Number of protein chains: 2
Amino acid sequence: MPIMDAPRRDLAAMIAPLQRALIAAEQPVLRAHGLSMWGYVVLNALDGQPVRTQAALAEVIGADKSRIIGVLDELEAGGLLQRTRDPEDRRARLVAVTEEGRRRCRAVQVDIQRNEERLLTRLSAADREAFLRVLTELSALPASEIAGE
Amino acid sequence: MPIMDAPRRDLAAMIAPLQRALIAAEQPVLRAHGLSMWGYVVLNALDGQPVRTQAALAEVIGADKSRIIGVLDELEAGGLLQRTRDPEDRRARLVAVTEEGRRRCRAVQVDIQRNEERLLTRLSAADREAFLRVLTELSALPASEIAGE
DNA sequence: TATTGTTATACTCTATAACTATA
DNA sequence: TATAGTTATAGAGTATAACAATA
């Protein structure tokens, strides 16, 4: 067993440029579909669960509740989601994607993942599978677990 | 061959929370060693190549040349790097890490990667190897290749 | 009094554009 | 005139705190 492994770069240092480039690649797609980055993130988060309170929604996407308000306003104005007062607690507003919102979100995702798939073709089938599986697992961890409590 | 694969999340959407948590995990380590995030990035970039012009250095780490000046000032004040005028072109300043700078950088990296290794232990040896290899490959690609020209 | 959504304020980053000194 | 480094300004993004309505 070797005492020293070959040195590797930090995970964050490797992920950073990849993340930056992936986001840059999304911009023209989003613009073509008339969506902001946060708008897309919100629609994605709502796609599965049809109702949600705004604060909970904000936490899911790692944002402050005050930060998503403008985003929700825009999406609602564009007919991509609806906000209705919760009859059981009139302080809260139930947020739901509209059919059009779901369509738009899916269309954007198809375009984005088309580019990502092109990128992934440079990997072997086994590497692709392992990479996506590991990424899925690690991204699902709570931040505290990644930071080490 | 199935017509539809199981839907997956976007790469960027999976990477984002991971990146956020990894950076958060680095903060206490950096603070303990008296380094800023950008200071650490700069030292890392200089570790291999001892001399470099500031503009080139900035480009390597994906920053604007004006953005790293305060960072270089701090590092120099702390004795972690030296700037000397290039005698062949007195406009340019040659940047080199000091021995102390190299030590500091290595010490930080050991702490950071210790936490990362803890995280990676949840992967099988094969997954760990594949994940790091793919990440190394993808992070080395030019941004234009990731964006699809 | 506490909580939801909202608005307002301040703070951090970052990009852009002037400025200097050399070439 | 053009370039390397620097400084100054302005803009975007974000977090925090105050606010109104409801519980």
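Predicted, not measured: the structure shown is a model, and the values here were computed from it. Note that these values count all heavy atoms, side chains included, but never hydrogens, waters or copies made by symmetry. We name chains A, B, ... by the order of the sequence lines, and we start the count at 1 in each one.
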**Asked** Are R114(B) and E117(B) close enough for a salt bridge, meaning some N to O gap below 4.0 Å?
**Response** no

In whole angstroms, the gap separating P of dT14(D) from CG of D64(A) amounts to 11 Å

Taken to the nearest whole Å, CH2/W38(A) to P/dG13(D) is 11 Å

Comparing nearest nucleotides in DNA chain D, the 5'-proximal residue of the pair A63(A), E88(A) is A63(A)

Walking DNA chain C from its 5' end, the first of D86(B) and A92(A) to be reached, judged by nearest nucleotide, is A92(A)

Taking dG5(C), dT6(D), dT14(D) as options, the one with an atom nearest any side-chain atom of R67(A) is dT14(D)

Sorted by position of nearest nucleotide on DNA chain D, 5' first, the leading residue of R85(A) and S66(B) is S66(B)

Side-chain N or O of T53(A) closer than 4.0 Å to phosphate OP1/OP2 of dG5(C)
yes

Salt-bridged, E137(B) to R133(B), with N to O below 4.0 Å?
-> no

I68(B) CD1 to dC13(C) P, in whole Å, measures 17 Å

Taken to the nearest whole Å, CD1/I23(B) to C1'/dT12(C) is 15 Å

In short, salt bridge (charged side-chain N to carboxylate O under 4.0 Å, His left out) pairs touching residues 75-86 of chain B with sequence neighbours left out are D73(B)-R83(B), E76(B)-R83(B)

Could you list the donor-acceptor pairs under 3.5 angstrom formed by side chains in residues 34-42 of chain A, with sequence neighbours left out?
{"unit_1": "S36(A)", "atom_1": "OG", "unit_2": "G39(A)", "atom_2": "N", "d": "2.9"}
{"unit_1": "Y40(A)", "atom_1": "OH", "unit_2": "N44(A)", "atom_2": "ND2", "d": "3.2"}
{"unit_1": "Y40(A)", "atom_1": "OH", "unit_2": "D10(B)", "atom_2": "OD2", "d": "2.5"}

Whole-Å distance, R83(A) CZ to dT6(C) C1', equals 10 Å

Handout entry: L120(A)-I146(B) co-clustered via ILVMFWY side chain contacts under 4.5 Å
Key = yes

In whole angstroms, the gap separating P of dG5(D) from CG of L57(B) amounts to 9 Å

Rounded to whole Å, CG of D89(A) lies from P of dA2(C) at a distance of 17 Å

note: R91(B), atom CZ; dA2(D), atom P; distance rounded to Å ~ 13 Å

- Is any side-chain N or O of R90(A) closer than 4.0 Å to OP1 or OP2 of dT4(C)? no

